[in-house]
Protein chains: 2
Amino acid sequence: MAFTIKEASERLGCPAHTIRFYEKEGLLPYIKRDKNGNRLFEQDHLDWLRVMTCFRATGMKLSLLKEMVDLALDGDSTIPQRKAILNQYKEDLFRRQNELTTALDAVNNKLSIYEEIAKGKTPSESQLLVKMEESERQQTRNEGLTNETKNFRQ
Amino acid sequence: MAFTIKEASERLGCPAHTIRFYEKEGLLPYIKRDKNGNRLFEQDHLDWLRVMTCFRATGMKLSLLKEMVDLALDGDSTIPQRKAILNQYKEDLFRRQNELTTALDAVNNKLSIYEEIAKGKTPSESQLLVKMEESERQQTRNEGLTNETKNFRQ
DNA sequence: TTAAACCTTAAAGTACACTTTAAGGCAAGT
DNA sequence: ACTTGCCTTAAAGTGTACTTTAAGGTTTAA
């Protein structure tokens, strides 16, 4: 069974123009056409598009996807190269996971500081993101000073 | 104690030009200057820069960082807005975590398919990313056919 | 005193991934 | 016949975040 570009677009939640762009970039080889030249997508194309969307959302560049497609077109002998690419990408994914964890910690810390301020408590000096709050509470004291002498601490 | 831009750059692993760019965009208020106009960074600035780098690496846009800075400059009364921004961002982080998990699953699946191929096994029909391999093994059979009749399945 | 190694600014350029625009073909319904 | 709605292409435009360039000022060591 074959799908029109609109059906593909709807199924993937991906703009038709983007799909055409991907095909033009060589990321989606061997798309057939009907007698009017309209694209016909097979389920396999949708599957691969979904994978590309997934990899793109997590930081893989189009150029790397292109490399993988080109290697795949060259046959099984390129599997070692493709394995190397995916293992490298996997490292990237782990690094991103760590970055997300760090960012979540920072956000939660910031939010807890807001709670402390709401309760009228003084936040700890050493915490990340605390200084910004302190500077805010200095703002009234800073009024009337020149820019040069303001001691805003982000 | 104050740091030059080079010292700040080295401590953060962030190009000096990027730091200047951030200051110009209003993300780093109240940086002092020495008598020659050279920037002097306090520890607080480095701390905030580190937070911005952390948030940037996890998808926060500069425009949102700018909003947060501007709100912070307006004092404690803007804490509800900043809380809303951070809670929204937290949702983004969770979504990204899910996307990473999905991508890792897809990568591991792909890698396991490579193993199966190495062992000469036929990969399961229904698995994500399998079709690409199949199409590769079809390549030899496809030779001699026109582009139109090729049935490459990505 | 002059070269190296910093620093400054403004502005232009780059990378990436779309996204939009313009111009037009085909088929089905009224 | 003609409007609607789908499709096509090539090319230009956009947004984001830097990054590089150009031109020049200051400090320090040889």
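Throughout, a chain's letter reflects where its sequence line sits, starting with A, and its residues are numbered from 1. Being a predicted model, the structure only gives us computed values, none of them experimental.
One atom, CG of B:L49, and another, P of D:dA17, lie 15 Å apart when rounded to the nearest Å. Atom C1' of nucleotide C:dC16 and atom CG of A:L65 are separated by 13 Å, given to the nearest angstrom. Protein atom CZ of A:F55 is 15 Å distant from nucleotide atom P of C:dA17, rounded to whole Å. Between B:E7 atom CD and C:dC6 atom P there is a gap of 11 Å when expressed in whole angstrom units. Residue A:H17 contributes atom NE2, which lies 15 Å from atom C1' of D:dT14 at whole-angstrom precision. Distance B:E10 CD to C:dC7 P: 9 Å, rounded to the nearest Å. Computed from coordinates, the B:I5 CD1 to D:dT27 P distance equals 18 Å when rounded to whole Å.
Comparing atom distances between the A:P15 side chain and each of C:dT19, D:dA17, D:dT8 picks out C:dT19 as nearest. Taking the side chain of B:R20 as heavy atoms from C-beta on, and the options C:dT8, D:dT8, D:dT19, the nearest nucleotide is C:dT8.
Side-chain N/O atoms of B:S63 include none lying less than 4.0 angstrom from OP1 or OP2 on D:dT16. Taking side-chain N and O atoms only, B:Y22 has no distance below 4.0 Å to OP1 or OP2 of D:dA17. Taking side-chain N and O atoms only, A:R39 has a distance below 4.0 Å to OP1 or OP2 of D:dT9. OP1 or OP2 of D:dT27 sits under 4.0 Å from a side-chain N or O of B:K35. For A:K61, a side-chain nitrogen or oxygen approaches OP1 or OP2 of C:dC16 to under 4.0 Å. For D:dT9, one of the phosphate oxygens OP1 or OP2 lies less than 4.0 angstrom from a side-chain nitrogen or oxygen of A:R33. A close approach under 4.0 Å does occur between a side-chain nitrogen or oxygen of B:R56 and OP1 or OP2 of D:dC18.
With respect to the salt-bridge test (charged N to carboxylate O, under 4.0 angstrom), the residues A:R56 and B:E99 do not qualify. In summary, B:D92 and B:R95 engage in a salt bridge, as defined by a charged side-chain N under 4.0 Å from a carboxylate O.
Each of B:K24 and B:K6 was matched to the nucleotide of DNA chain C holding its nearest heavy atom; the match closer to the 5' end belongs to B:K6. Remark on DNA chain C: of its neighbouring residues A:N36 and A:T18, the 5'-side contact belongs to A:T18, judged by nearest-heavy-atom nucleotide.
Separating the CE atom in B:M68 from the CE atom in B:M52 is a distance of 10.0 Å, to the nearest 0.5 Å.
Inter-residue side-chain proximity for A:Q97 and A:L93 is flagged as unmet; no heavy-atom pair is nearer than 4.5 Å. Side-chain contact between B:V107 and B:K110 is absent, with no heavy-atom pair separated by less than 4.5 Å.
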